[in-house]
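Presented below is the structure to which this report refers.
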There are 2 protein chains.
Amino acid sequence: MISFDDFIPNDTSPIYLQIILHIKRGIAAGNVVDGDEVPSRRSLSALLGVNPNTVQKSYHILEEEGIIFSSPGAKSCVTIDQQKIALIRAQLLGDQAKEMIHAMKQMRISKEEALATLSSLWEDIPS
Amino acid sequence: MISFDDFIPNDTSPIYLQIILHIKRGIAAGNVVDGDEVPSRRSLSALLGVNPNTVQKSYHILEEEGIIFSSPGAKSCVTIDQQKIALIRAQLLGDQAKEMIHAMKQMRISKEEALATLSSLWEDIPS
DNA sequence: AAAACTGTATTACTTGTGTGACACACCTTC
DNA sequence: GAAGGTGTGTCACACAAGTAATACAGTTTT
């Protein structure tokens, strides 16, 4: 079962997108494997302090992407193979790096300073 | 005058927040100095393909933060000193790095792989 | 069968964005 | 100096997206 303990909500992007991203990152991390259950709409919404419908929206999109499977009354679970996992991981990693680089360049921060900052802060962020 | 040529809209967070971030990054970069004019609501909205009111919302918030100054009929301009600039720069740099590290750790990506990815993609992203 | 869980659909409210109108400042022209 | 045009910021209202509240229907467990 995927964990949401390290879910840190962010007030800039919609919550349903953050939930989707969190699950995809969990998959990329290998924390979630094919057939794994996903938290129920209600339990996750209670944990995150949001409405069940917001979680439903996330799950619905993930279902359309073929990442989770739902059927009325039953628990939803992940349906994904190794190829998809590698693809998602590469995608998320690349996107995140590109966004970071873009932000740094907009601030005219050198490659060296960016790498140094990242390196020095690495241990401070909890896993 | 601050440039929006390298503004890359992103469909995850509200546009007005992205505009604020872009201007703050321009300030952090040193591209914008005290007294510099800021694009008019209409010209910027036309350039970005959004509504003048969306830009207005960004400028209004920046004015509340004491970063720009507006008065009816006159062009709006930036009001900021070196201390504020250093503060904004440190803030944005730290936030961006922390967000990157958090994302990487969620994907169980090692410090080495993260730095290597960033380093190898650096030259590919246009300034 | 009843209870406690599950996913789903309908509806309303809040926030973000779009459309339009207004008022003030500057600059040209008469 | 007065009149008009074009720039500027500001505001009120309408529409769309994100989120919340509630009710409904199926599955599992007891």
B:N10 CG to C:dT17 P, straight-line distance once rounded to whole Å: 11 Å
Donor-acceptor pair (no angle test) under 3.5 Å: B:R41 side chain, D:dG7 base: no
Is A:L47 linked to A:I23 within one hydrophobic cluster, defined over Ile, Leu, Val, Met, Phe, Trp and Tyr using a side-chain heavy-atom separation of less than 4.5 Å? yes
Please check if any side-chain donor atom of B:R42 sits under 3.5 Å from a side-chain acceptor atom of B:Q56, or the reverse. no
Select one nucleotide: of C:dT8, C:dG16, C:dA9, the one nearest the side-chain heavy atoms of B:K57. C:dG16
Tell me whether the OP1 or OP2 atom of C:dG7 has a side-chain N or O from A:S76 closer than 4.0 Å. yes
If you check every side-chain atom of A:T54, which of C:dG18, D:dT10, D:dT19 has the closest atom? D:dT19
Provide, to the nearest angstrom, the distance between the CG atom belonging to A:N51 and the P atom belonging to D:dA20. 5 Å
Hey, quick one: are A:I20 and A:L87 part of the same hydrophobic cluster, counting side-chain heavy atoms closer than 4.5 Å, chains of contacts allowed? no
Let me know the distance between CZ of A:R42 and P of D:dT19, rounded to the nearest Å. 19 Å
Roughly how many Å is it from CE in B:M1 to C1' in D:dG7, rounded to a whole number? 13 Å
For atom CD of B:E64 and atom P of D:dG9, their distance in whole Å: 17 Å
Donor-acceptor under 3.5 Å (A:S40 side chain, A:S43 main chain): yes
If you measure from CG on A:N31 to CZ on B:R108, what distance do you get to the nearest 0.5 Å? 4.5 Å
5'-most contact on DNA chain D: A:V50 or B:K75, nearest heavy atom basis? B:K75
B:D11 or B:N53: which one's nearest nucleotide on DNA chain D is closer to the 5' end? B:N53
Stepwise side-chain contact (heavy atoms from CB on, under 4.5 Å) test for B:I101 and A:L121: CA-CA 8 Å; B:I101 294 172; A:L121 286 177; 3.7 Å; yes
OP1 or OP2 of C:dG7 versus the side-chain N and O atoms of A:Q56: is any pair under 4.0 Å? no
Which residues satisfy the salt bridge (Lys or Arg N to Asp or Glu O under 4.0 Å) test with B:K111, sequence neighbours excluded? A:E123
Which whole-number value in Å describes the distance from A:L44 CG to C:dG7 C1'? 14 Å
CG of B:L48 versus C1' of C:dG18: gap in Å, rounded? 15 Å
Among side-chain atoms of B:T12 and A:S13, is any donor-acceptor pair under 3.5 angstrom? no
What integer distance in Å separates A:H60:NE2 from C:dT10:P? 13 Å
Residues in residues 12-23 of chain B with a heavy atom under 4.0 Å of DNA chain D, by number, are none
Of the nucleotides C:dT17, D:dG26, D:dT10, which one has an atom closest to the side chain of A:P72? D:dG26
Quick check: do B:I19 and B:V55 have side-chain heavy atoms less than 4.5 Å from each other? yes
Test: B:K24 and B:E65 ion pair at under 4.0 Å: yes
Please work out which residues in residues 33-40 of chain A have a non-hydrogen atom less than 4.0 Å from an atom of DNA chain C and list them by number. A:S40
Does D:dT8 have OP1 or OP2 under 4.0 Å away from a side-chain N or O of B:S71? no
